[in-house]
Q: 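Following this message is one structure expressed as structure tokens.
Residue numbers begin at 1 in each chain, while the letters A, B, ... track the order of the sequences.
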Amino acid sequence: MPELPEIEIVKRSLIKMINKARIIDIKISRKSKYLILHFTKKILLIHFGMTGKFLVLNSKKKEIAKTSFYYDLNILPKHNHIYFFLSGGKTLIYNDVRRFGFMKLYNNRKINDVKHISKLGPEPFSKKINISYFKNIIKNKNVNIKILLMDQTFICGLGNIYVNEVLFMSNINPLRKCKKLNNNEIKKIILNIKLVLKIAISKGGSSIKNFNNTDGKSGSFQQLFKVYGREKKFCSSTPCKGIVRKINISNRSSFFCNKCQK
DNA sequence: TTCTTTGTTCCGGA
DNA sequence: GTCCGGAACAAAGA
């Protein structure tokens, strides 16, 4: 782990090499849960971990600390880690309470060759996600469907919350062995993956604990969760009177209805 | 003090 | 070597 002397060297090196340098061009893309900033000669790969967020403030450098912006939105400036001071007076801030997020800067090269990206499976909206792809993979897999959908080499971009929702919408128990699923169930899973992600995007995402867009505003999709976080509550699909159970699968909370997700 | 949270990685056993 | 389940790790708040 780098300690004080190493960081001091980095600081001096950065001042020597890129102090006063300006970013002159930038494109932005997404792969799975990674945000990718494409500069003219560099690529910045960003993962938000659990609580990472970007904020854009109209304030200039000296005004940042005293703006009431943070307090109105329940964001603490003590968790600001990176400031990008931009021409025109705006500031891009990276704020991360848990600090599980990271940024890595690469020389310009094919982003698909980067370690974090190269092993990822197809994107959820890709045409590669179809019944034959599923059947091909699951015939040799002994894991349950929850584990399969969480496996980023199988399909990328799905996390615990959305996998819970997808399985609920598909009436499939998270512990079902994936190789036992029939065609109809696979179809439902594929459809619901695309559906739940589209709806969540249209609602501005979910704000379980800590997602904000760059205005500092929360998304609203968490109000539409049908099963995640609803332990001991009635099943939200009518007229089912089942109760939502919570179990642990591979150290992650899994919620399911005891009646309509047999 | 312990538990929870997420995505990712690692390790041991089969 | 591969597969799978479980644990560990990061940090902070409840």
Side-chain angles (χ1 to χ4, degrees), chain A residues 1-3 7 30-36 44-54 70-71 73-82 93-104 106 111-124 134-167 173-181 193 196-197 200 205-212 218-219 221-222 225 227-232 244-256:
Chain A
M1 177 184 289
E3 300 196 19
I7 307 305
R30 180 195 58 75
K31 176 76 181 179
S32 186
K33 302 167 192 174
Y34 296 90
L35 184 68
I36 303 162
L44 186 63
L45 182 72
I46 303 167
H47 195 289
F48 289 87
M50 189 176 162
T51 57
K53 64 193 61 149
F54 269 139
Y70 307 99
Y71 306 101
L73 294 158
N74 205 19
I75 292 169
L76 294 177
K78 69 173 177 179
H79 300 305
N80 290 349
H81 302 298
I82 304 177
I93 299 174
Y94 180 73
N95 178 290
D96 191 346
V97 175
R98 296 280 188 274
R99 296 203 229 175
F100 293 178
F102 64 82
M103 295 191 191
K104 290 189 182 183
Y106 295 94
I111 188 65
N112 289 334
D113 296 339
V114 168
K115 181 186 100 177
H116 297 89
I117 302 294
S118 62
K119 291 175 187 166
L120 292 175
E123 286 273 326
F134 258 70
K135 292 180 83 167
N136 234 338
I137 303 278
I138 65 180
K139 68 183 180 208
N140 298 317
K141 286 268 187 194
N142 244 331
V143 296
N144 63 51
I145 182 62
K146 171 89 191 291
I147 297 286
L148 181 76
L149 295 180
M150 296 285 284
D151 180 350
Q152 302 297 302
T153 67
F154 172 69
I155 179 171
C156 72
L158 292 178
N160 194 35
I161 290 172
Y162 293 110
V163 169
N164 270 282
E165 293 297 309
V166 165
L167 291 176
N173 189 292
L175 292 172
R176 286 275 302 283
K177 288 284 181 191
C178 64
K179 67 166 56 162
K180 303 267 187 177
L181 295 170
I193 285 172
V196 77
L197 292 180
S206 315
S207 301
I208 277 294
K209 299 254 157 71
N210 276 289
F211 171 78
N212 300 83
S218 308
F221 183 71
Q222 71 281 0
F225 287 167
V227 73
Y228 184 87
R230 294 179 51 85
E231 186 186 12
K232 295 179 184 167
V244 175
R245 303 288 183 210
K246 179 183 177 182
I247 59 172
N248 221 286
I249 299 178
S250 192
N251 286 324
R252 293 288 173 270
S253 293
S254 283
F255 301 87
F256 64 98

Q: Using heavy-atom distances to pick each residue's nearest nucleotide on DNA chain C, tell me which of Ser250(A) and His81(A) is more 5'.
A: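 Its nearest nucleotide lies further toward 5', so the answer is Ser250(A).
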Q: Within the 3.5 Å criterion, strictly below it, is a donor on Lys146(A) or Asn160(A) matched to an acceptor on the partner's side chain?
A: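 Lys146(A) vs Asn160(A): donor-acceptor pair found between side chains.
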Q: Of the listed nucleotides (dT6(B), dG13(C), dG7(B)), which one gets closest to any side-chain atom of Ile161(A)?
A: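 Nearest listed nucleotide: dT6(B).
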Q: Roughly what angle, to 10°, lies between the helix axis at the start of the helix from dT2(B)-dA14(C) to dA14(B)-dT2(C) and the one at its end, five pairs per end?
A: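 The helix from dT2(B)-dA14(C) to dA14(B)-dT2(C) shows an end-to-end axis angle of 60°.
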Q: Would you give me the side-chain donor-acceptor pairs under 3.5 Å for residues 244-251 of chain A, sequence neighbours excluded?
A:
unit_1	atom_1	unit_2	atom_2	d
Asn248(A)	OD1	Asn251(A)	N	3.1
Asn248(A)	OD1	Arg252(A)	N	3.3

Q: Please determine whether a side-chain nitrogen or oxygen atom of Ser253(A) lies at a distance below 4.0 Å from atom OP1 or OP2 of dT4(B).
A: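 No, Ser253(A) has no side-chain N/O under 4.0 Å of OP1/OP2 on dT4(B).
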Q: Return the set of residues passing side chain to side chain donor-acceptor pair (under 3.5 Å) with Arg230(A) (not counting sequence neighbours), or none when no residue passes.
A: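 Partners of Arg230(A) under the side chain to side chain donor-acceptor pair (under 3.5 Å) test: none.
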Q: Among the nucleotides dA11(C), dT9(B), dT6(B), which one has an atom lying closest to any side-chain atom of His116(A)?
A: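 Ranking dA11(C), dT9(B), dT6(B) by closest atom to the His116(A) side chain puts dT9(B) first.
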Q: For Asn251(A), answer base if it contacts any base atom (sugar-phosphate contacts may also be present), sugar-phosphate if it contacts only those atoms, and nothing otherwise; contact means non-hydrogen atoms under 4.0 Å.
A: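 Base, at least one base atom sits under 4.0 Å.
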Q: Tell me, please, which residues at least two apart from Lys104(A) pass side chain to side chain contact (heavy atoms under 4.5 Å, CB included).
A: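 With sequence neighbours excluded, Lys104(A) shows a side chain to side chain contact (heavy atoms under 4.5 Å, CB included) to Phe102(A), Tyr106(A), Lys115(A), His116(A), given in chain and number order.
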Q: Contacts to DNA chain B from residues 142-152 of chain A, heavy-atom cutoff under 4.0 Å, which residues?
A: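 Under 4.0 Å from DNA chain B: Gln152(A).
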Q: Glu231(A): which residues meet the salt bridge (Lys or Arg N to Asp or Glu O under 4.0 Å) condition with it, sequence neighbours left out?
A: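 For Glu231(A), no residue satisfies salt bridge (Lys or Arg N to Asp or Glu O under 4.0 Å) once neighbours in sequence are set aside.
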Q: Could you check whether Gly49(A) gets within reach of a base, just the sugar-phosphate, or nothing at all, counting any heavy atom under 4.0 Å?
A: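 It contacts nothing in the nucleic acid.
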Q: Looking at dA11(C), dG5(C), dT8(B), which one has an atom nearest to any side-chain atom of Lys177(A)?
A: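 Closest nucleotide among those given: dG5(C).
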